[in-house]
Every structure is written in structure tokens, then in C-alpha cells.
Amino acid sequence: MLKIIVGSGEEISRLIAEQFILQIQKKPDSVLGLATGTSPLGVYRNLIEANKKKVVSFSKVTTFNLDEYIGLEGTHNQSYRYFMNVNLFDHIDIDKKNTFVLKGVGDYLAYANNYDNLIEEHGGIDLQILGIGSNGHIAFNEPDTPFDSLTHIADLNESTIKDNSRLFSSIKEVPTKAVTMGLKSIMNARKIVLIAMGKSKAEAVKNLIKGKISKRVPSSILRNHPDVTIYVDQDAYSLVNK
Ligand code: F6R
């Protein structure tokens, strides 16, 4: 059963940050699953503020990120390692050694093949945050990804390349492949929160909440998980009752 919370972008970002803070207060050495993209930025801003005010400490926390572009070094300004450093890790008291992001270059394949084991060795993910693509993807699990997939290499769909091109100087520069946690890897998390904002996500949110559970809509697998909360703003929720 999905829980659904509708609020302004600011409200839902604050509510998700509270979930993370409660999780870490309850278990200081929590393992967190993190996402990149525009959607979680407000959550990360709230976490930075809470850390500055000493409401929460990340000193014992471990994090695993969902995905990374193939071909980008961690120092590239569109790599997800860079994104995480700039938007969260550089501003909190986390030990960077405890922040795991998939590799996009070098031995990325071997690293990917061991990623699920690495998560398991750390005790599994306690709380995972997800965004959602306009085509219903979660992480880079595009439509038709098998539900039992673990971390793997993925080809990005045209629509994802187009959506993400806003962050690159031209569409030609957007990588066409990524390494991503699979749908099963995500489902292994003990608790999941998903955040979606804006009209461009309305169709995907409707399919996630009301459509058939099917490989065509990767996020629909979340309906089989015992502890998932979907946080949406009015625009993202606007098609659910239509
Ligand atoms: C990012 C990720 C992606 C994004 C999704 C939405 O780590 O896994 O699935 O969550 O593409 O991106 P935004 O939030 O930029 O709309």
C-alpha cells in the first residue's frame, strides 16, 4: 500500500527531510539511499540546515547513490558524484569515505557488479529517496527493465536524454548510458520515499498510483513494497483523480 502526501514543494521537502532526520536520530549509523536531479534539492537544503544547527549528525552515516552517467569522471560538473558533493556532502559532517556513488569511468563495470554486495555488507539501505522520470523511470530503470534487476548498465531513453539535456550545453553532450541500481536493488530498501513535483511528472505519478503494476511503468513496482510514501505537489498530483 502506497501512502500519498500532497503539499507544496517546500512542505514535502521539509517532511522528507524530517523522515531522514528521525531515521538518523533513531539509528546514528543509518545507511541512506540517495538520488540526484532537481527533485531532492530542497530535501538536501533542509538536511544541510539541520546539520548546521546540530539537530542531526551524519558522522556515522553511510550513503549509497542510485546511479551515475557512464563516461563522466567524478570531477565532471554533470557527474552525480560532483552533484552530491556540491549539493550535500561538502556541507555536512559526513565522512566522504562513507559516501558511495557508482563509478562512470575506469573499472565501472566491476564496481557495478559488486554494488549490491557492498550495500548488503553495510547492512542494507534503511531509507531510500527516489525521484521519478517523466516516463516513469526510477533511478535509470527505463520502461521494460526487469523487476528482478540488480545494479546494471542501462541505455537511456530518448525522453530521458531530452529531459536531462537542460543541464548540459547541448543534447549531444548528454551521456547515452548509465550505471544504475536495479529495481530489485531499490526494493531491498527497508523504507522508501519518492518525491515528484511539477506538471511534467503528472502522467508518471498517475501511472504509478493508479496504473497496472507493469514493466512498462518501472515505478509501479513500488506498489509491491510494504513501506513507500509518495510526496507530491499539486501539479504532480493533478491527473490522479481525472
Ligand atoms: C537521479 C535519478 C533519476 C531522477 C529522475 C527525476 O539519481 O535516479 O531517476 O530521480 O530522472 O529527475 P529530476 O528530479 O531532475 O526531475
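Numbering of ligands and ligand atoms starts at 1, following listing order. We use all heavy atoms of the structure for the numbers below, so side chains are in, but hydrogens, waters and symmetry mates are not.
The shortest N or O to N or O distance between Tyr80 and ligand 1 is not below 3.5 Å.
Not close to ligand 1: Glu142, with no non-hydrogen atom less than 4.0 angstrom away. By the 4.0 Å heavy-atom criterion, Lys201 is counted among the residues contacting ligand 1.
Counting only heavy atoms from C-beta outward, the side chains of Pro143 and Asn157 approach each other to under 4.5 Å. Annotation: side chain of Asn188 is not in contact with side chain of Ile119 (no heavy-atom distance under 4.5 Å). At least one side-chain heavy atom of Tyr44 sits under 4.5 Å from a side-chain heavy atom of Met84. Residues Met187 and Asn224 have side chains in contact (heavy-atom distance under 4.5 Å, counting atoms from C-beta outward).
Under 4.0 angstrom from ligand 1, the non-hydrogen atoms of Ile132 all belong to its backbone. Residue Arg166 touches ligand 1 through its side chain alone, judged by heavy-atom distances below 4.0 Å.
Near Gly37, meaning under 4.0 Å from any of its heavy atoms, are these atoms of ligand 1: 14 (O), 15 (O). Atoms of ligand 1 found under 4.0 Å from any heavy atom of His137 (numbered from 1 in listed order, with element): 3 (C), 5 (C), 9 (O), 11 (O). Distances below 4.0 Å separate heavy atoms of Thr38 from the following atoms of ligand 1: 13 (P), 14 (O), 15 (O).
Taking a 6.0 Å sphere around CD of Glu173, one finds it holds more than 12 heavy atoms contributed by other residues, nucleotides or ligands.
Relative orientation of the Tyr111 and Tyr115 rings is tilted, given thresholds of 30° and 60° on the angle between their planes. Ring geometry for Tyr69 against Tyr80 counts as tilted: the plane angle lies between 30° and 60°, on a 0 to 90° scale.
Distance from atom 1 (C) of ligand 1 to its nearest protein heavy atom, with residue and atom name: Thr36 OG1, 3.2 Å. Ranking protein heavy atoms by distance to atom 10 (O) of ligand 1, first place goes to Gly131 CA, 3.3 Å. Looking only at protein heavy atoms, the nearest one to atom 9 (O) of ligand 1 is Ala139 O, 2.8 Å. In this structure, atom 14 (O) of ligand 1 lies nearest to the protein heavy atom Ser39 OG, 2.5 Å.
Considering each of Leu66, Asp67, Ile138, the one bringing a non-hydrogen atom nearest atom 7 (O) of ligand 1 is Asp67.
Leu194 pairs in a side-chain contact (heavy atoms from CB on, under 4.5 Å) with only one of the listed residues (Val205, Ile129, Leu130), which is Leu130.
Side chains of Asn46 and Ser13: a donor-acceptor N/O pair is absent below 3.5 angstrom, by distance only.
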